[in-house]
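Just so you know, these numbers come straight off a predicted model, no measurement behind them.
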Amino acid sequence: MNFIKKAIILVTLVLIAVLSSSICVSANQDTNAVEIKNITLTPNSKNLSDGNISTYTSTDTVSIKTDSDIDSIYIRLWDDTPAFTVSIGEQTYKNENYFLHSFFKIPAEISECKELTVIFERKVKVSDIFAFSEGTLPDWVQVWDKPYERADLLLNTTHADDEQLFFAGVLPYYSLVRKYRVQVVYFTDHNKANEAIRRHELLNGLWTVGINHYPVINNFPDAYSESYNWALTNLKNAGFTEDDVYKFQTEMLRRFKPLVVIGHDLKGEYKHGQHILNAESLTKAIEYANNPEMYPESAATYGVWDTPKLYLHLYENNKVVMNWDEPYEELGGKTPFQMTQEGFKHHNSQHYTWFNTWLNGKNTKITLASQIKTYSPCDYGLYRTTVGEDVQKNDFFENLINYDEQERIEQERIEEELRQQQEAEESRRQEESSIQESIEEASRQEASRQELQKAENQKTQDNKKIIGIIAIVILVASSLTLALVVIRKR
């Protein structure tokens, strides 16, 4: 008997273990997306599946077939970002994000997808295309959101890598630690045949430091110079004007309505002319953006904007010193500076330059932002403010409330107004109900009074009738008595 009990217990434990294992496997499958390897691509080119961003196939159509159910696809283009449509059976879906790294999730209305076709609006160089099952995507898959409509912080950087160098610490701290809306705008583009890789480095670096809203990459070409005029001459040689510069800067301010703008050193850090042109034009555009007569096209599209605060790197007046060397749980125990170092690792094409040593030190000995003394990424100055001077001088948002908090406060205000309206409405209803009850009670009392009065009147009339009858009886009796007396006398 004991043997049978032990056998039953043993079988039960085995079943529990098997079921638990099945549940764990099922949960794991639900949680982690798997890259689908057994796919057939048309055109049949290894460049589309080698994972190498620098190899590509020129085409306007890519078809995917697989035996597995596709939940999403991830497309990396080389140097152009046309719109595309995804055709699944008889259904067609258009994608107009214009991202170099573009993610597309199969719509929920599609019950099963084992075959699809991507059709670009023009011939394009496709570097890679990946397919995934349902679940949480790998970290390297970049699911970009559109640029913000309103940004807490606008980082106005010149080149791909400046955001990870001279502005080291800014992006990971305000995007990942503070959870603010951080929008990055690049003054120049690296889209020459030999520089297209820098766009990919730019995106990979931004993704690493917590930026998931797609940057704006302007079309001014990258060209070295050592002064404002030299940089401007380079732009003119490329077909741009000084007015184009101010128009662009003004439009970005109006478009994103930033609470804080961060710009380059007016001296160009290491005297780079494009840094100087970018910084100086930004200081003027700050004033233009609030004037509807300046560049009226963008004023009509976005409205005007008076930027509350503009900080410039290394600006000597109203200095603030930022601490990028404090570790944070949101950064996995790393500091904002260390996260930026991770971001710069993606800029492989620039690792041969002095920038690499400047940021990381010889033999990677630099681990703190405060160790960098020349062009320190910690030093800024408050160039312009509409909200008062800084007192603490350690936070770009001193005296400001970020947009999410503004919206929370506004939502609370709306809810409080609604609550007060509801309370006032309830009070009004109660008052009206009380008045109605008073009216009804008065009506009841009046009806009762009238009923009582009616009864009293009826009683009075009855009494009068009785008295009348009595009087008649007395009169008749008296008359009869008198008649009898008269008769007797005779």
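- Side chains of Thr188 and Thr158: no donor on one and acceptor on the other come within 3.5 Å.
- Atom CD of Glu423 has more than 12 heavy atoms from other residues, nucleotides or ligands within 6.0 Å.
- When the options Phe103, Tyr98, Phe104, Trp207 are evaluated for a ring pair (Phe, Tyr, Trp, His ring centres under 6.0 Å) with Trp144, the one that passes is Trp207.
- Among the candidates Asn219, Asn218, Asp243, the single residue satisfying the side chain to side chain contact (heavy atoms under 4.5 Å, CB included) test with Phe248 is Asn218.
- Classified by interplanar angle (parallel below 30°, tilted 30° to 60°, perpendicular above 60°), the ring pair His313/Phe167 is tilted.
- A distance-only check finds no donor-acceptor pair linking the side chain of Ser433 to the backbone of Arg429 [under 3.5 Å].
- Considering only heavy atoms from C-beta on, Lys393 stays 4.5 Å or farther from Val321 through its side chain.
- Within the model, atoms CG of Leu100 and CD of Gln142 stand 9.5 Å from one another, a figure rounded to the nearest 0.5 Å.
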Worksheet item: Can you check side-chain contact (heavy atoms from CB on, under 4.5 Å) on Gln430 and Glu426, steps first, answer last?
Response: CA-CA 6 Å; Gln430 291 179 355; Glu426 181 61 26; 3.2 Å; yes
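- A heavy-atom distance below 4.5 Å is not found between the side chains of Lys105 and Val143.
- Panel note: side chain Asn394, backbone Val320; no donor-acceptor pair is recorded below 3.5 Å.
- Of the possible polar contacts, none joining the Glu163 side chain to the Thr157 backbone as a donor-acceptor pair under 3.5 Å is found.
- Between Val260 and Ile262 the shortest side-chain heavy-atom distance falls below 4.5 Å.
- Other residues, nucleotides and ligands contribute at most 12 non-hydrogen atoms within 6.0 Å of the CD atom of Glu329.
- Judged by distance alone, the side chains of Asp390 and Tyr311 do bring a donor and an acceptor atom under 3.5 Å apart.
- Taking NZ of Lys257 as the start and CG of Asp306 as the end, the distance is 12.0 Å to the nearest 0.5 Å.
- At least one side-chain heavy atom of Pro215 sits less than 4.5 Å from a side-chain heavy atom of Leu206.
- Looking only at side-chain heavy atoms (C-beta outward), Pro258 and Trp305 come within less than 4.5 Å of each other.
- In this model, no donor atom of one side chain and acceptor atom of the other lie less than 3.5 Å apart for Glu342 and Gln338.
- At distances below 3.5 Å, not a single donor-acceptor pair connects side-chain atoms of Lys94 with backbone N or O atoms of Phe84.
- Remark: the Glu407 side chain and the Gln411 side chain contain no N/O donor-acceptor pair separated by less than 3.5 Å.
- One finds the OH atom of Tyr302 at 10.0 Å from the CD atom of Glu149 (value rounded to the nearest 0.5 Å).
- Residues Ile39 and Phe130 have side chains not in contact (no heavy-atom distance under 4.5 Å, counting atoms from C-beta outward).
- Here the side chain of Ser443 pairs a donor or acceptor atom with the backbone of Ile439 at under 3.5 angstrom.
- With Ser102 contributing its side chain and Phe99 its backbone, the two residues share no donor-acceptor pair below 3.5 Å.
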Discussion item. Is there a side-chain contact (heavy atoms from CB on, under 4.5 Å) between Lys309 and Val261? Walk through the geometry before answering.
Written reply: CA-CA 6 Å; Lys309 298 178 87 172; Val261 177; over 6 Å; no
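- Contact detail for Gly343 and Val209: the closest heavy-atom pair is CA-CG1, 4.1 Å.
- For Thr340 (side chain) and Gly169 (main-chain N/O), a donor-acceptor pair under 3.5 Å exists by modelled atom type.
- Remark: of the listed residues Asn95, Thr117, Val118, Ile119, Ile119 is the sole one forming a side chain to side chain contact (heavy atoms under 4.5 Å, CB included) with Thr85.
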Worksheet item: Going through the distances and angles, do Leu259 and Gln406 end up as a side-chain contact (heavy atoms from CB on, under 4.5 Å)?
Response: CA-CA 12 Å; Leu259 303 177; Gln406 288 183 31; 3.9 Å; yes
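- Under the 3.5 Å distance criterion, the side-chain polar atoms of Ser133 are matched with a main-chain donor or acceptor of Val34.
- A donor-acceptor pair is defined here as one N or O able to donate and one able to accept, closer than 3.5 Å; such a pair exists between the side chain of Trp324 and the backbone of Pro377.
- Side-chain polar atoms of Asp325 and Thr335 form no donor-acceptor pair below 3.5 angstrom.
- Ion pair Arg181/Asp404 flagged as a salt bridge, since at least one NZ, NE, NH1 or NH2 atom sits closer than 4.0 Å to an Asp/Glu carboxylate oxygen.
- Residues Glu410 and Arg413 are paired through a salt bridge, judged by an N-O separation under 4.0 Å between the basic side chain and the carboxylate.
- Of the residues Asn402, Ile211, Asp395, the one that meets the side chain to side chain contact (heavy atoms under 4.5 Å, CB included) test with Tyr174 is Asp395.
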Worksheet item: Passes side chain to side chain donor-acceptor pair (under 3.5 Å), Asn457 versus Gln461? Steps please.
Response: CA-CA 6 Å; Asn457 291 341; Gln461 290 177 1; over 6 Å; no
Item to complete: Assess whether side-chain contact (heavy atoms from CB on, under 4.5 Å) is satisfied between Met252 and Gln183, documenting all intermediate values.
Response: CA-CA 10 Å; Met252 292 300 99; Gln183 181 65 48; over 6 Å; no
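- His200 and His346 are not linked by any side-chain donor-acceptor pair at a separation below 3.5 angstrom, with hydrogens and angles left out of the test.
- Distance CZ/Arg178 to CG/Leu153: 10.5 Å, rounded to 0.5 Å.
- Across all their heavy atoms, Gln249 and Leu282 have their closest contact at NE2-N, 3.8 Å.
- Under the 4.5 Å side-chain criterion, counting only non-hydrogen atoms from C-beta, Val141 is in contact with Phe132.
- Aromatic ring pairs are classed by plane angle as parallel below 30°, tilted from 30° to 60° and perpendicular above 60°; the pair Tyr180 and Phe397 is perpendicular.
- Residues Gln436 and Glu432 have side chains that never bring a donor and an acceptor to within less than 3.5 angstrom of each other.
- Here Glu109 contributes atom CD and Ile88 contributes atom CD1; the two are 8.5 Å apart, rounded to the nearest 0.5 Å.
- Side-chain contact between Phe220 and Tyr186: absent, with no pair of heavy atoms (C-beta onward) separated by less than 4.5 Å.
- Atom CG in Asn212 sits 15.0 Å away from atom NZ in Lys146 (nearest 0.5 Å).
- Within a 6.0 Å radius of NZ in Lys123, other residues, nucleotides and ligands contribute 12 heavy atoms or fewer.
- Of the possible donor and acceptor atoms, none in the side chain of Lys65 sits under 3.5 Å from a partner among the backbone N and O of Thr40.
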Worksheet entry | Stepwise salt bridge (charged side-chain N to carboxylate O under 4.0 Å, His left out) check, Glu251 with Arg254 | CA-CA 5 Å; Glu251 181 178 341; Arg254 288 170 173 170; over 6 Å; no
Practice prompt. Carefully, step by step, assess Tyr173 and Tyr328 under the rule ring-ring contact (aromatic ring centres under 6.0 Å, His included).
Written response: CA-CA 9 Å; Tyr173 177 70; Tyr328 292 94; 5.7 Å; yes
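- Counting only N and O atoms by type, the side chains of Asp244 and Thr241 include a donor and acceptor under 3.5 Å apart.
- With hydrogens and angles left out, the side-chain atoms of Gln421 and Glu425 include no donor and acceptor closer than 3.5 Å.
- The two residues Asp71 and Glu134 make their nearest non-hydrogen contact at CB-N, 3.4 Å.
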